[in-house]
Amino acid sequence: MTEGAKPITTKSPPLAPAQAKAENWFRVVWTDFTASRAAVAALGVCIVMLIAAILAPLIAPQNPYDLMEISMFDARLAPGAVNPEGFHFLLGTDGQGRDMLSAMLYGLRTSLFVGVLSGIIAIAVGVAFGLTAAYWGGMVDTVMMRVVDFMLGFPTILVALMLLAILGQGVDKVIFALVMVQWAYFARAVRGTALVERGKEYVEAAISLDLSHARIVFSHLLPNCLPPVIVIGTMQVASAISTEATLSFLGLGLPITEPSLGLLIANGFNYLLSGLYWISVFPGLLLLVVIFSINIVGDRLRDVLNPRLQR
Amino acid sequence: MAEPLLSIRDLHTHFDTKAGIVKAVNGVSFDVAPGEILGLVGESGSGKSITGFSILGLIQQPGRIVGGSIRFAGEELVGAETTRLRQLRGRDIAMIFQDPMMTLNPVLRIDTQIVEAILAHENVGRAVALGRARDALAKVGIPSPEERLKAYPHQFSGGMRQRVAIAIALLHRPRLIICDEPTTALDVTIQAQIIHEMRLLCQEQGTALIWITHDLAVVDSLADRLCVMYAGRIVEQGPAGAVIAEPAHPYTRGLIDSIPSRNSRGARLKQIPGMAPSPLALPAGCPFRPRCSYADDACLNEPSSIGVGAGRDARCVHPLVARVPA
Amino acid sequence: ADLTMGFSSEQQSIDPLFSRTGPNQTAAAHIFDRLMERDEKGIFQPSLAESWKNVDPTTWEVKLRQNVKFHDGSPFTAEDVVFSIERAPKVPNSPASFESYVRSIKAMQVVDPYTLRFTSTTPDPTFMQNVGGVFIISKKVAENATSADFNSGKVAIGTGPYKFVSWTPGDRMQLLRNDAYWGPKPEWEKVTIRYISNDPARVAALLSGAVDVINEVPPTDIPTLKKDKRVNVINAASIRLIYIVLNQRDDAPGIAGLDGKPLPKNPYQDARVRQAISLMIDRAGIVDKVLFGQGVPTNNQVPEGILGYNPDLKPKYDVAAAKKLLADAGYPKGFSMTISGSNDRFLLDGDLVQGIGQLLARGGLKVAKVEALPYSVFSKAAGENGYGAWIFSNGNSAGEAGRGLESMLHTYDKDRKLGSLNRHSYSNQVFDKAIDAALDEFDDAKRWKLQADAAAIAINDGGMIPLYHQAVTWATRKGFSYAGRRDEATLAMSTKTAK
Amino acid sequence: MTAAMHARSTADVTPIVEVRAISKRFTRKPDLAERIAGALGARVDLRTVHAVDDVDLAILPGEVVGLVGESGCGKSTLGRMIAGILPKSGGEFFHEGVESAAWTPLQRHAAVLAVQMIFQDPMSSLNPRKKVRDIIGEAAVVHGMTSRAAQGDYVADLMRKVGLDPAYMRRYPHQFSGGQRQRIGIARALAVKPRFLVCDEAVAALDVSIQAQVLNLFMDLRQEFNLTYLFISHDLGVVEHLSDRVAIMYLGRIVEMAPTEALYAAPNHPYTKALLEEVPRIGAGKRTFAPVRGEIPSPVAPPPGCHFHPRCPFAMDRCKTVRPVLRAIGSGRWSACHLNDAT
Amino acid sequence: MLVFIIRRLMQSALVLFAVSVVVFVGIYAIGNPADILLPDDATEQERDHAIANLGLDKPLPVQYGIFLGNAVQGDLGSSFVFNIPSIDLILSRMPATLELAFCALVVALVLGIPLGLLAGLRPGSLLDRTIVTGSILGFSLPNFWQGLMLIMIFSVTLGWVPSSGRGETGSIFGLETSLATWDGIHHLLLPAINLSLFKLSLLIRLTRAGVRETMPLDFITFARAKGLSETRIVGVHVLKTILVPIITVLGMELGSVIAFATVTETIFAWPGMGKLIIDSINHLDRPVVVAYLMVVTLMFILINLVVDVLYSILDPRVRLQGIA
Ligand SMILES: Nc1ncnc2c1ncn2[C@@H]1O[C@H](COP(=O)(O)OP(=O)(O)OP(=O)(O)O)[C@@H](O)[C@H]1O
Ligand SMILES: Nc1ncnc2c1ncn2[C@@H]1O[C@H](COP(=O)(O)OP(=O)(O)OP(=O)(O)O)[C@@H](O)[C@H]1O
Ligand SMILES: [Mg+2]
Ligand SMILES: [Mg+2]
């Protein structure tokens with residue numbers, strides 16, 4: 001065809017628009033999402049928790065990380081107790097004399113940080129891995145999936161202990177350990193979706209338009225593989241928080257001076273039989289509420305994002 | 001014409017969706033006589049399948065038959081007990097679906113799926129049922145049915161699967177079979193085979209057939225009578241040959257004209273302008289009005305069905321053939 | 001009557017000579033006897049050895065108990081002792097053999113079936129305590145036997161109060177009373193020992209009546225259990241010492257100036273800093289608050305009543321004095337440091353590290369990091385100059401202060417095998433001389449004095465900072481009583497029906 | 001036979017696309033495990049699908065070639081190879097007379113872009129997460145045919161050409177009807193200024209009324225840009241309406257090729273005859289159907305000799321063993337049938 | 001089929017090799033087993049002695065070489081802690097864990113699938129919402145916490161079941177199992193429930209999702225059109241269809257039961273492999289950890305093999321060769 005052909009007026013009559021209003025995809029999802037009151041409430045809880053976590057240093061009555069502020073002479077005070085200096089412990093104190101309320105706020109902060117960050121990194125790593133495997137297929141796929149199998153088979157505890165020994169203790173190390181055990185799930189999940197998407201004709205169209213592999217993988221394939229990832233992501237955030245708690249219970253988690261919710265529960269676990277319920281039950285309830293809300297939101301998202309269940 | 005086997009009057013089936021009420025079937029009436037082949041054509045989304053499902057009471061949430069009557073051999077099916085409907089399904093009224101790849105359960109063996117259909121209506125032993133299943137397969141021309149019974153659906157080609165579905169439909173010698181685009185997904189050669197077999201079986205057993213399709217050519221070569229659906233209504237019906245030779249409704253005309261044919265080679269095709277209306281927001285009056293070149297103010301009122309020839313009627317204010325008082 | 005006990009940890013083998021760690025000795029003590037046994041207070045008493053005398057500094061003559069029979073009915077003689085002692089250092093794959101107990105034996109001589117004569121390589125006042133700790137097995141059945149043969153029960157034959165019935169690793173061990181036992185007859189005919197490592201689960205097992213006695217009662221539960229009518233709580237101060245050491249190497253990690261920059265000199269090399277740190281620690285407070293009172297604050301290597309105890313060394317808590325010492329040493333505002341410890345090695349070790357961290361912060365140091373690690377990880381770094389200040393525990397098995405003081409505080413000397421636990425590189429010539437002398441003294445009273453003096457030198461110098469002696473706790477159901485033991489052992493023989 | 005084809009191709013015009021003896025086999029190489037199992041005597045089932053089997057085809061500029069055949073006979077696979085989506089497993093591929101092995105990177109790029117494909121399913125061929133503007137304009141921007149700034153105008157222009165309102169540029173594919181989506185696909189292909197369109201069942205999913213719209217558009221564009229088409233379909237009516245030449249495929253091979261009129265007037269190959277007989281025609285009235293006998297053989301284990309012989313009413317002994325070659329039987333007419341030798 | 005098994009075995013050999021290398025290097029990095037096994041007051045000589053006794057004095061590659069040499073002959077070494085061949089140690093603990101995992105799985109299946117079906121058939125109903133909420137609770141709390149709560153409620157407070165340990169075992173078909181005695185079942189109850197909670201939630205959710213996706217499919221409508229009863233449709237058509245993904249996930253999860261069993265076994269003093277591995281990891285008992293991982297990996301491979309075979313039985317469309 002000659003360059004700059006003059007536009008023709010097609011003889012086909014213009015078609016009527018398919019829908020009266022151009023609707024934003026996110027708007028559609030949001031409208032569907034808000035149809036469930038429970039989901040909206042859960043989302044509200046998540047947001048409140050997130051804000052509380054972010055603002056923990058400002059709203060917590062005490063800085064539980066500061067060894068100067070806490071005193072073991074305040075240890076194990078019941079909820080509502082007041083110490084000689086007149087400090088009011090609304091939810092009591094733990095075995096170290098930390099104000100439970102403050103410790104829980106900071107713990108929430110750590111837990112969410114650990115859960116969300118490890119989730120995001122694991123998603124990024126897993127998604128890149130899974131997409132690559134699915135796009136290239138063949139030998140690449142086989143080798144990469146065996147690596148995934150290997151990772152899935154390794155006990156979390158051993159991974160955590162090895163990393164603890166090699167890298168030392170700290171929030172970043174725990175996140176690393178969680179990423180190590182989580183990414184493989186995402187790689188698996190994404191590969192499944194990507195294999196389906198890979199076979200769709202828009203990918204072939206992109207190939208015939210001579211677009212680069214990187215562009216096809218990340219600009220075409222990736223966005224279409226994300227919805228299921230988002231859903232597993234919310235569940236994995238919850239499971240990361242829970243796993244971190246279990247690691248802490250086994251003594252492989254975070255530094256004990258900077259407790260997460262899981263570590264608080266694990267610490268308080270020892271007091272449960274003695275009737276010092278608040279040390280374990282309060283953070284337990286908080287964790288329950290958080291994970292519960294995240295899961296409700298995730299469930300709802302899954303329903304909303306699943307075209308088969310959409311009306 | 002003989003006493004109708006199936007008589008549908010003013011059927012309304014609606015879907016209550018978030019976006020609004022979808023009037024998928026919006027006042028459909030037609031009769032089917034025993035042994036008759038009725039073609040039901042129309043654009044995609046015009047409500048053909050939903051009409052078929054309504055007859056069997058298989059409308060799923062959020063759909064509902066909101067009005068009208070379906071009488072089968074004198075018995076009212078709208079609002080009938082589920083147990084009664086279940087007795088009729090498969091035994092008196094059978095249905096064959098559009099997509100042969102999807103109608104058989106992929107994880108169950110062919111024999112299981114045939115035998116369970118037999119046992120659902122007859123109290124016979126498994127061995128007897130198996131024998132019947134084998135005969136049924138043989139009847140629809142599946143070679144070595146004995147072995148094929150043990151196969152799974154994926155081991156069959158599309159045509160063979162569709163034949164299994166037909167075999168299941170014919171098991172109890174039903175009086176009416178609803179074929180919902182049974183050959184759309186198949187090749188012409190297979191399509192020919194299936195049409196051939198169906199017709200043969202109907203002639204043998206005196207079964208009535210509702211053949212749902214959007215391929216007018218198939219209907220023309222097969223059906224006795226023809227119903228044309230548009231936006232949930234029947235806009236024209238009559239003997240197949242007559243309707244196709246001389247359509248009365250502008251929509252039928254448009255449909256026939258837009259099919260490429262021998263003599264159209266290289267020429268531009270005629271096309272129906274515009275799009276099918278959304279079932280959520282049907283235009284007032286004649287739903288075809290916005291796309292119709294004959295439309296005028298008279299069309300703003302809902303047209304009623306008028307006689308346009310022997311056994312023919314159309315829902316149009318400006319029929320393309322002479323109006324004949326009923 | 002039958003007895004079921006819930007143990008926190010399990011033996012590694014029924015072979016009494018496989019490992020000399022606590023759980024193994026506890027299990028073996030039911031089935032086997034030793035030449036000497038510790039009593040409940042931790043003092044050595046004759047057992048299979050009826051008496052002994054020091055012929056000269058390197059020669060010991062031991063009279064064995066007569067009419068003692070092994071479980072299979074064969075008599076116990078000097079040959080069995082020689083066999084056991086010879087086998088002790090040679091058990092294959094042993095991770096913690098009894099070699100150190102018998103190392104100083106130069107020769108053994110069977111004088112008659114019930115008399116033995118030992119020669120030691122060097123004059124060793126604690127010779128009998130070491131040799132007396134070896135479990136005696138039957139030469140007749142155990143010759144050429146492997147540890148596996150003990151586990152299967154084939155050769156698990158001793159002279160002890162109980163006969164071995166079965167061991168299901170991870171779950172339980174079953175014992176049957178030895179009615180032919182030479183000593184006091186134990187009360188329980190059938191004894192089941194169950195292994196329940198999880199603390200709350202062990203307590204729950206007691207409360208639900210699944211077991212009659214448990215050991216290592218978690219301190220967190222002690223106040224409640226004490227109030228509980230269904231159970232008794234028994235306490236004993238153990239010999240185990242919990243202490244802090246300060247790394248005195250030039251390249252000790254974890255220390256920095258307040259600005260985070262490295263300091264020109266390791267402050268722990270200054271005795272005033274070490275003393276200040278000792279003064280910062282409110283040992284009574286720790287024991288009271290962190291340990292629920294389950295410990296005895298100390299500034300000694302051994303508890304009161306044990307050889308080497310120095311009554312003058314009293315725990316002192318004086319933050320003002322500590323600050324002054326720090327200022328004198330040139331750190332008026334302190335410096336930045338890290339305190340490390342384990343979190344699964346001894347009772348409440350994780351909490352303890354945090355408590356110490358709090359006290360150090362209040363005492364004027366900048367505590368940059370408090371780390372509590374699993375022992376598997378902690379122990380490695382502790383041995384590799386990985387920490388600046390850390391908390392350790394030491395379960396003294398020698399029955400006196402001397403050996404412990406030497407290994408923890410003597411200047412490290414590879415050739416003379418001295419100071420082997422001195423990983424923090426403490427070195428004090430005065431102390432070295434004092435302890436060397438104290439170890440060679442045969443006279444108990446003199447040795448006590450010498451060891452107590454040596455202890456004072458090192459502890460006042462901040463060579464280590466003793467914190468407390470851990471209390472060991474048992475709990476029984478109502479109707480049972482337990483005689484608490486300083487050596488932390490939990491024995492069916494010490495369990496009685498309550499009067 | 002190829003001699004004759006070459007004669008045609010070496011005439012005045014170079015074919016825009018030519019394939020010689022091209023084939024596509026879908027197969028798996030036996031891996032180590034399978035080789036071991038094979039050595040142990042296990043029957044290792046390595047199915048090879050001869051999706052396309054030694055096909056010759058030359059398409060001249062401006063021509064519309066229809067490709068007809070049963071489902072699974074390899075039409076799409078051939079189309080995909082021509083469009084550069086699938087690598088071929090054998091044979092030669094010429095673009096403007098240059099063999100693919102001899103392509104420079106620049107020639108490869110040009111060859112890939114010059115041949116574009118229109119897909120059957122208009123929905124799955126459009127990326128649901130991209131706006132129409134990007135779907136159409138992305139490649140043009142990437143390949144420097146327009147600038148990012150000018151992308152809007154470029155896309156608007158194309159949309160107008162295919163009869164879409166440029167106002168819908170910011171919408172997502174799901175907000176369009178089937179016919180409109182197919183137009184988006186066409187605009188996307190046109191955006192890289194192709195000379196050749198492979199239409200793989202491009203109207204099969206559409207309703208008759210919309211099908212008419214899209215077919216009309218194809219004809220308009222052909223005039224406008226002098227485009228060349230390979231029009232794949234199993235709808236004989238549509239092919240007849242559009243094509244200059246028709247090739248009939250059966251189980252991976254082309255069995256007949258002829259100018260449209262000649263083919264429909266007098267089919268030569270028994271398979272073509274059977275096909276044309278079974279096409280229901282509107283206005284023909286009720287008729288009987290005489291089905292082709294036998295089952296469609298599987299491409300995994302195609303029958304030897306002539307693939308069609310098990311279903312052929314005229315099958316001879318020779319048909320069962322010898323593969324008939326595609327031979328000229330008249331001007332521009334080719335057929336692969338042993339019956340032609342007899343006469 | 002043979003190909004499939006051969007391929008799996010070759011792949012597993014590679015995986016086993018990788019596992020052993022990682023464990024060797026990993027444990028070396030964590031610490032020295034001798035430090036943990038020795039008493040606090042052990043002297044340096046004792047330490048050297050122990051290290052030599054355990055063969056830890058040689059360079060790591062040499063240690064690995066020795067291990068590999070023995071492993072090829074089927075000897076995975078003896079436990080540092082127990083001085084028992086590590087394979088024997090693991091095998092002796094295996095029945096307890098398998099029995100626990102099996103019961104947990106049965107509990108999850110028996111409760112999970114019906115609940116999931118109930119919820120999935122009536123989406124949005126009160127029953128559905130209750131079940132779904134409950135299922136989220138099932139994995140919202142750390143497992144160890146749930147375990148202790150169970151003990152507190154059912155054995156300490158109510159005194160219905162024992163709090164810990166394995167009860168008497170009897171033998172069924174020559175297998176030593178607690179399922180053979182009342183006392184054994186009694187002891188098994190709480191840990192099995194605790195272990196099953198997660199699986200239960202998972203199964204409920206899987207089943208529910210499966211039902212919701214299957215019900216609108218054509219073949220269900222076709223089954224109705226055949227005149228089948230609702231019971232048959234749900235019980236055969238729906239159930240058999242959703243069983244495929246359920247089996248796959250369960251197969252993967254069965255492996256993780258062992259991982260979760262670690263926590264459950266610790267809390268309930270259950271003498272199984274999970275407790276052994278955590279103890280062994282804490283003791284850096286390398287031979288046991290290596291052998292354990294080998295056994296578990298093999299088990300994983302076996303389970304996956306069985307699952308894949310089951311899968312191909314359940315879903316005839318799956319050809320075994322297709323699964324890598
Ligand atoms: N479950 C449902 N929810 C909402 N609307 C529905 C549902 N099922 C069908 N419809 C609507 O009912 C109308 C008629 O559908 P029907 O399936 O009968 O069309 P059809 O004529 O069979 O079309 P086709 O030729 O594509 O099969 C369509 O507009 C469709 O959108
Ligand atoms: N990626 C693939 N792997 C294995 N076999 C394939 C693959 N793609 C196609 N085939 C096989 O190749 C043969 C030809 O397929 P192709 O899609 O070209 O057929 P078609 O003529 O386009 O059919 P349809 O009309 O159904 O689109 C078929 O038997 C198909 O099963
Ligand atoms: Mg339909
Ligand atoms: Mg195709």
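Naming convention: chains lettered A, B, ... in sequence-line order (proteins, then strands); numbering from 1 in each chain. Note that this is a predicted model, so its numbers are computed, not measured.
Here CZ of E:Phe144 is found 10.5 Å from CG of C:Asn198. Values are rounded to the nearest 0.5 Å. A distance of 11.0 Å separates CG in C:Leu207 from CD1 in E:Ile151, rounded to the nearest 0.5 Å. Going from atom NE2 of E:His283 over to atom OH of C:Tyr375 covers 10.5 Å, rounded to the nearest 0.5 Å. Note that CD1 of C:Ile14 is 10.5 Å distant from CZ of E:Phe82, once rounded to the nearest 0.5 Å. How far CZ of C:Arg103 is from CD of E:Glu46: 6.5 Å, rounded to the nearest 0.5 Å. With values rounded to the nearest 0.5 angstrom, C:Asn151 atom CG is found 5.0 Å from E:Ile84 atom CD1.
Contacts with chain E were tallied for C:Tyr412, C:Phe392, C:Tyr195; C:Tyr412 has the most, counting heavy-atom pairs under 4.5 Å. Between chain E and the residues C:Ser13, C:Ser100, C:Pro92, C:Gly6, the largest count of heavy-atom pairs under 4.5 Å involves C:Ser100. The most heavy-atom pairs under 4.5 Å with chain C, out of E:Leu37, E:Leu54, E:Ile281, come from E:Leu37. Of the listed residues C:Ala381, C:Ser393, C:Ala148, the one with more heavy-atom pairs under 4.5 angstrom with chain E than any other is C:Ser393. Between chain E and the options C:Val91, C:Asp344, C:Asn394, the largest number of non-hydrogen pairs under 4.5 Å is found for C:Asn394. Top candidate by heavy-atom pairs under 4.5 Å with chain E, chosen from C:Arg345, C:Arg172, C:Gln11, is C:Arg345. Heavy-atom pairs under 4.5 Å with chain E were tallied for C:Ala96, C:Ser376, C:Ala201; the largest tally goes to C:Ser376.
Heavy atoms of C:Arg403 lying under 4.5 Å from chain E are absent altogether. Looking at C:Ser407, neither its backbone nor its side chain comes within 4.5 Å of chain E, counting heavy atoms on both sides. Residue E:Leu276 does not touch chain C at all, counting heavy-atom pairs closer than 4.5 Å. For a residue to count as touching a neighbouring chain, one of its non-hydrogen atoms must lie under 4.5 Å from one of that chain's; by this rule E:Ala96 does not touch chain C. The contact between C:Leu421 and chain E is made entirely by side chain atoms (from C-beta outward), counting heavy-atom distances below 4.5 Å.
Listed for the C:Lys380 side chain is a donor-acceptor partner under 3.5 Å among the backbone atoms of E:Tyr28.
Among the candidates C:Pro95, C:Pro89, C:Ser97, the single residue satisfying the side chain to side chain contact (heavy atoms under 4.5 Å, CB included) test with E:His49 is C:Ser97. Under the side chain to side chain contact (heavy atoms under 4.5 Å, CB included) test applied with E:Asn83, the options C:Ser147, C:Ser94, C:Ser19 reduce to a single match, C:Ser147.
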Worked verdict on E:Asn32 versus C:Ser379 for side-chain contact (heavy atoms from CB on, under 4.5 Å):
CA-CA 8 Å; E:Asn32 192 332; C:Ser379 64; over 6 Å; no

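Using a 4.5 Å cut-off on side-chain heavy atoms (C-beta onward), C:Gln12 and E:Ser79 make no contact.
Among all heavy-atom pairs drawn from E:Leu38 and C:Thr21, the shortest one is C-CG2, 4.2 Å.
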